[in-house]
Amino acid sequence: MDLTFTQGNLPAASAVLTATAARLLERGEPLWPLPSLTPDRLTRHYPPEGWRVAWHRGEAVGTYVLLDADPLFWPDDPPGQARYLHKLGVHPATQGRGLAHALLAEAARETREAGGAFLRLDTAANRPKLRALYEAAGFRAVDEVTVKGFFVVRYELGVG
């Protein structure tokens, strides 16, 4: 699938994440509370310039936020060593076409070009489908930690 990427489009990122979360909720696999995915709420937790949106034929099909630091989940990391990915979402209308892997590859490319050695992320330890996705994309589990009451697996991908 031919994708183009833009940066900082909070309304498009919010729309993709909301559609993704609503579909997961319908399937009985809640991931993010829908009220937390408005542009205003996303801006409270992530800088607008960190958002990436993947577009195909004028439609927003995927999103993620890429950060230079993640002191909550990776507090001991030295500056500049890695970039940190959060809120990976693929619009339900385009799921099953390898877009999640394309988004992860784009984040890895951007991390490498910025001089980072690793792309890092975390996911809930009880999400086997997400864990399988990340592992299939080449990420390795670093450890399992509890952060603010959430039991997560931290993953990294060497990009250097």
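Owing to the predicted nature of the structure, the values given are computational and were not obtained by experimental measurement. Just so it is clear, the values below take in all heavy atoms, side chains as well, and ignore hydrogens, waters and symmetry mates.
Ala100 and Leu88 make their closest contact through CB-CD2, 4.5 Å (heavy atoms, listed as atom of the first residue, atom of the second, distance). The two residues Val142 and Tyr155 come nearest to each other via the heavy atoms CG2-C, 4.2 Å. The two atoms that bring Pro11 and Pro39 nearest to each other are CA-CG, 4.1 Å, heavy atoms only. Of all the heavy atoms in Val153 and Ala141, the pair that sits closest is CG1-CB, 3.9 Å. Across every non-hydrogen atom of Ala22 and Leu34, the tightest pair is N-CD2, 3.8 Å. Here the shortest heavy-atom pairing between Leu133 and His101 reads CD1-NE2, 3.6 Å.
Pro47 places a side-chain heavy atom less than 4.5 Å from the side chain of Leu67. By the 4.5 Å heavy-atom criterion applied to side chains, Thr4 and His56 are not counted as neighbours. For the pair Leu37 and Lys87, the minimum side-chain heavy-atom distance is below 4.5 Å. A 4.5 Å side-chain heavy-atom check between Val145 and Arg154 finds at least one atom pair inside the cut-off.
Residues Phe151 and Leu31 do not share a hydrophobic cluster, clusters being chains of Ile/Leu/Val/Met/Phe/Trp/Tyr side chains in contact below 4.5 Å. Placement of Val53 and Leu103 in two distinct hydrophobic clusters is found when ILVMFWY residues are connected by side-chain heavy-atom separations under 4.5 Å, directly or transitively. The same ILVMFWY cluster, assembled from side-chain heavy atoms under 4.5 Å apart, contains both Leu130 and Phe150. Placement of Val16 and Leu3 in two distinct hydrophobic clusters is found when ILVMFWY residues are connected by side-chain heavy-atom separations under 4.5 Å, directly or transitively. Taking hydrophobic clusters as Ile, Leu, Val, Met, Phe, Trp and Tyr residues chained together by side-chain heavy-atom distances below 4.5 Å, Leu121 shares a cluster with Tyr46.
We find that Arg83 and Glu110 are joined by a salt bridge, their nearest charged nitrogen and carboxylate oxygen being less than 4.0 Å apart. One finds a salt bridge joining Glu29 and Arg27 here, because a Lys/Arg side-chain nitrogen approaches an Asp/Glu carboxylate oxygen to under 4.0 Å. In this structure, Lys129 does not pair ionically with Glu135, as no charged nitrogen and carboxylate oxygen lie closer than 4.0 Å.
The line from CZ of Arg127 to CG of Leu24 is 6.0 Å long, rounded to the nearest 0.5 Å. Atom CZ of residue Arg140 and atom CZ of residue Phe118 lie 7.0 Å apart, to the nearest 0.5 angstrom. The line from CG of Leu85 to OH of Tyr64 is 7.0 Å long, rounded to the nearest 0.5 Å. For the atom pair CD (Gln7) and CD (Glu49), the distance works out to 7.5 Å, reported to the nearest 0.5 Å. In this structure, the separation between CD on Glu106 and CG on Leu99 is 12.5 Å, given to the nearest 0.5 Å. Distance check, rounded to the nearest 0.5 Å: CG of Leu25 to OG1 of Thr20 gives 12.5 Å.
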* Should Trp51 and Thr43 be marked as a side chain to side chain contact (heavy atoms under 4.5 Å, CB included) after you check the CA-CA gap, both sets of side-chain angles, and the distance that decides it? -> CA-CA 10 Å; Trp51 287 98; Thr43 302; over 6 Å; no
* Asked: Taking it one step at a time, do Leu157 and Val159 satisfy side chain to side chain contact (heavy atoms under 4.5 Å, CB included)?
  -> CA-CA 6 Å; Leu157 176 70; Val159 298; 4.2 Å; yes
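The aromatic rings of Phe139 and Tyr134 sit perpendicular, their planes meeting at an angle over 60°, well past the 30° parallel limit. Between Tyr84 and Trp74, the ring-plane angle classifies as tilted under the 30° and 60° cut-offs.
Thr111 places no side-chain N or O within 3.5 Å of a backbone atom of Leu119 that could act as its donor or acceptor partner. The backbone N or O of Gly149 lies less than 3.5 Å from no partner atom in the side chain of Thr146, so there is not a single donor-acceptor pair. A donor-acceptor pair under 3.5 Å is formed between the side chain of Thr94 and the backbone N or O of His91.
With 3.5 Å as the limit, one finds a donor-acceptor pair spanning the side chains of Gln81 and Arg120.
Between Trp55 and Phe5, the distance separating the two ring centers is not shorter than 6.0 angstrom.
Other residues, nucleotides and ligands contribute only 12 or fewer heavy atoms inside 6.0 Å of the CZ atom of Arg57.
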